[in-house]
Each structure stands twice: as structure tokens, then as C-alpha cells.
There are 2 protein chains.
Amino acid sequence: METVTDNQKDRMAKKLEKMFGHIDYRHPPELCPVRDVMSTASDQWSTLILLWLGYFPVLRFNKLKKFVYGISNKVLSQRLKVLEADGYIVRKAYAEVPIRVEYRLSEFGRSYVERLLELTEWMQQNSPKVLANREKYGLN
Amino acid sequence: METVTDNQKDRMAKKLEKMFGHIDYRHPPELCPVRDVMSTASDQWSTLILLWLGYFPVLRFNKLKKFVYGISNKVLSQRLKVLEADGYIVRKAYAEVPIRVEYRLSEFGRSYVERLLELTEWMQQNSPKVLANREKYGLN
DNA sequence: TTCATAAGGTTACTTTTAGTAACTTACTCT
DNA sequence: AGAGTAAGTTACTAAAAGTAACCTTATGAA
């Protein structure tokens with residue numbers, strides 16, 4: 001990321017605001033709501049975690065790890081923290097031994113997952129086309 | 001990623017197939033259409049590129065670079081190649097000097113961007129909530 | 001005649017992020 | 001006493017992304 005002065009940012013924001021009325025994903029990250037939201041929750045692992053939590057009302061750490069096939073403890077743990085901090089999921093720990101921790105979507109998270117599902121449905125329907133394009137292009 | 005045998009993969013695929021009827025984002029990457037599609041086109045930079053191309057029917061390299069604020073030549077070039085290979089965008093080069101190259105969405109790409117827009121609209125509408133959650137959580 | 005500029009990249013190098021595998025904790029069951 | 005368990009953490013390595021300089025081919029200016 002380049003460094004820019006606040007002045008430059010202001011001018012850019014105003015200019016873009018004028019050009020485009022209704023949606024913002026074109027400012028530097030610090031001034032762009034869409035980029036800001038994307039930066040924490042739109043990576044692949046987070047997406048898979050959220051989708052799984054959309055299927056099961058509640059999942060525990062190790063179960064989640066099985067479903068989100070291939071994720072490591074470290075990354076799962078990191079992503080869960082961020083998703084919790086941003087309010088998509090809720091973590092509930094029980095003082096048992098061994099400890100039991102439950103993760104579930106918040107209302108907010110559920111509303112996000114609904115949109116996400118539309119996207120993944122598209123992906124599922126269109127994946128053959130992507131594969132065909134890729135093959136044709138030769139980059140396999 | 002762990003390494004698994006084909007046999008293991010088969011068994012897993014069948015088991016999951018049985019549990020869930022209609023959507024696939026839960027297999028290992030090599031057998032999961034959703035994960036496969038996501039892996040090339042759902043990163044943040046690609047998303048921003050596609051969204052911009054959804055706004056402007058045609059954009060040239062340097063223009064695109066200005067809009068996708070903060071992207072480097074290297075990454076822009078890489079992402080454009082992959083998006084082209086997967087069939088989302090079309091590249092057209094003119095033998096002028098200096099060379100002129102135009103990028104635009106394919107029909108296919110446009111259909112993807114339509115879904116993407118629904119997601120980013122949600123993000124824009126809900127970004128204040130995300131920020132509020134983040135603040136409350138204290139992870140700033 | 002040499003220099004600067006232009007568009008659309010590429011290359012070598014550094015920094016950041018992600019992945020891997022071993023370890024931790026605290027209690028219970030054998 | 002030793003093994004097992006859930007939910008992580010930690011140290012280390014590999015991969016990806018960011019940075020800045022460079023390339024090409026031609027035109028127009030100094």
C-alpha cells in the first residue's frame with residue numbers, strides 16, 4: 001500500500017463520491033466500508049467457516065475443523081477470533097473438563113451468510129464453465 | 001493441506017454427499033467445485049477488479065490500477081491473467097505504440113459480478129455494524 | 001542527436017501472511 | 001502412574017504479496 005496524506009485522501013474521496021453515487025469499494029481501505037468489511041471476513045477460510053455455521057446451528061472447534069477440510073488449528077483459531085470480533089459469530093465456553101466451546105452464527109452473521117449462499121450457489125452451478133474456460137486457456 | 005489417498009477422498013465425498021443434498025463447499029479443494037472457483041476469483045483484489053469492470057464497460061491497465069486503489073502492477077497483472085483464464089474477463093490488445101490493452105467483463109463474468117454486487121451492497125449497508133462490533137470487542 | 005514520455009507490463013528483492021507439527025493445560029478414567 | 005481429551009498456542013518454514021527499478025518501441029521536444 002502506498003502512503004498518502006490525509007489531504008490526498010480527502011480529495012480522492014470527494015472526487016469519487018461525485019463520480020459514483022451509490023456504492024463504495026473504490027476508496028483506500030481506511031475510507032472504504034466495503035474493503036474494510038471484506039478485509040476481515042471475505043477470505044476463503046472465513047467464508048467456509050461461516051457457510052458451515054449456516055448449516056449447523058452450533059459447532060464446536062474440532063467438529064468445525066473436520067468440516068472446513070484442510071484448515072489448521074492456528075488459522076481456524078485466528079479466523080474465529082476475527083469473526084467473533086466483527087460480530088458474525090458467537091463463542092460460548094463451558095467450564096467443563098475438557099473445556100467445551102460452542103460457536104454459532106449471530107443474527108448478523110446469519111444475514112451475511114444468506115447473501116454468501118447466493119454467491120456459492122452461483123459458483124456451484126457455474127464451476128463446470130470455469131473449468132472448461134481454464135482448460136481452453138491452457139493454464140490448467 | 002494434509003495429503004490424503006484417493007480412497008479416503010472417495011469415501012469422504014460419498015459420506016458428505018449423503019449428508020448434504022444440494023451444495024458443495026465441504027470437500028477437499030480438488031473435489032469441491034465451490035472451493036475451486038473461490039480459490040482463483042474470490043480474493044480481495046480480484047473482487048475489486050471485477051467490481052470495477054462491472055461499472056465501466058471497458059478499462060485499460062493503468063486506469064484499472066487507479067481505481068483498484070493500492071494494487072501493484074505485479075498483482076494486477078497476475079490477477080488479470082487468472083481472471084482471463086477462468087473466463088471472467090476478456091483482454092484485447094491493440095498493436096499501437098505505446099501498446100493499448102482493453103479489459104472487459106465477459107458475459108460469464110458479468111453474471112458473477114451481479115451476485116457479487118448483492119454481497120457488496122450488504123457490506124456497505126452493514127459496515128457500521130461491523131465497526132461497532134469491532135469497537136465493542138476491543139480488538140480495534 | 002540525445003532525452004523524456006507513454007502503456008503495459010516484468011524482475012529481483014523484501015516483508016507479510018499462511019501452513020505445519022509439536023506442545024500445553026487441567027482434569028478424568030483405567 | 002499413564003493415557004486421553006478439547007481447544008487452543010508456539011516456533012519454525014514456505015508461500016504469497018508488496019516495492020521499486022527496469023524493459024520495449026516509438027513519438028515529439030530540446
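Side chains are part of it too, since the values below use all heavy atoms of this structure and drop only hydrogens, waters and symmetry mates. So you know, we letter chains A, B, ... as the sequences are listed, proteins then strands, and number each from 1.
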Presence of [X] side-chain N/O under 4.0 Å of [N] phosphate oxygens OP1/OP2:
X	N	answer
Ser72(A)	dA21(C)	no
Lys81(A)	dA7(D)	no
Arg60(A)	dA7(D)	yes
Tyr103(B)	dG9(C)	yes
Arg100(B)	dT25(D)	no

| Heavy-atom closest contact (Tyr112(A) atom, Ser42(A) atom, distance) |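 Heavy atoms only, the tightest pair is OH-OG, 3.7 Å.
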| field | Residue pair Tyr88(B) / Leu50(B): nearest heavy atoms and the distance that separates them | value |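 It is CB-CD2, 3.9 Å.
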I need the [atom1]-[atom2] distance between [X] and [N], as an integer number of Å.
X	N	atom1	atom2	value
Ile99(B)	dG8(C)	CD1	C1'	7 Å
Asp43(A)	dA17(D)	CG	P	12 Å
Lys66(A)	dG8(D)	NZ	P	15 Å
Glu96(A)	dG8(D)	CD	C1'	16 Å
Lys74(B)	dA12(C)	NZ	C1'	10 Å
Leu64(B)	dA7(C)	CG	P	14 Å
Tyr69(A)	dG19(C)	OH	C1'	15 Å
Gln78(A)	dT16(C)	CD	P	16 Å

| NA contact type, Arg79(A), heavy-atom cut-off 4.0 Å: base, sugar-phosphate, or nothing? | nothing
When you get a sec, tell me which of [options] is the closest nucleotide to the side chain of [X]?
X	options	answer
Val101(A)	dG19(C), dG8(D), dA17(D)	dG8(D)
Val75(B)	dA17(D), dG9(C), dA7(D)	dA17(D)
Pro98(A)	dA7(D), dT5(D), dT19(D)	dT5(D)
Phe61(B)	dT9(D), dG8(C), dT10(C)	dG8(C)

| request: Map Asn73(A) and Val97(A) onto DNA chain D by nearest heavy atom, then report which one ends up closer to the 5' terminus. | output: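 Nearer the 5' end of the strand: Val97(A).
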| said: Are Phe67(A) and Tyr55(A) an aromatic pair, judged by ring center distance below 6.0 Å? | reply: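 Centroid distance Tyr55(A)-Phe67(A): not below 6.0 Å, so no.
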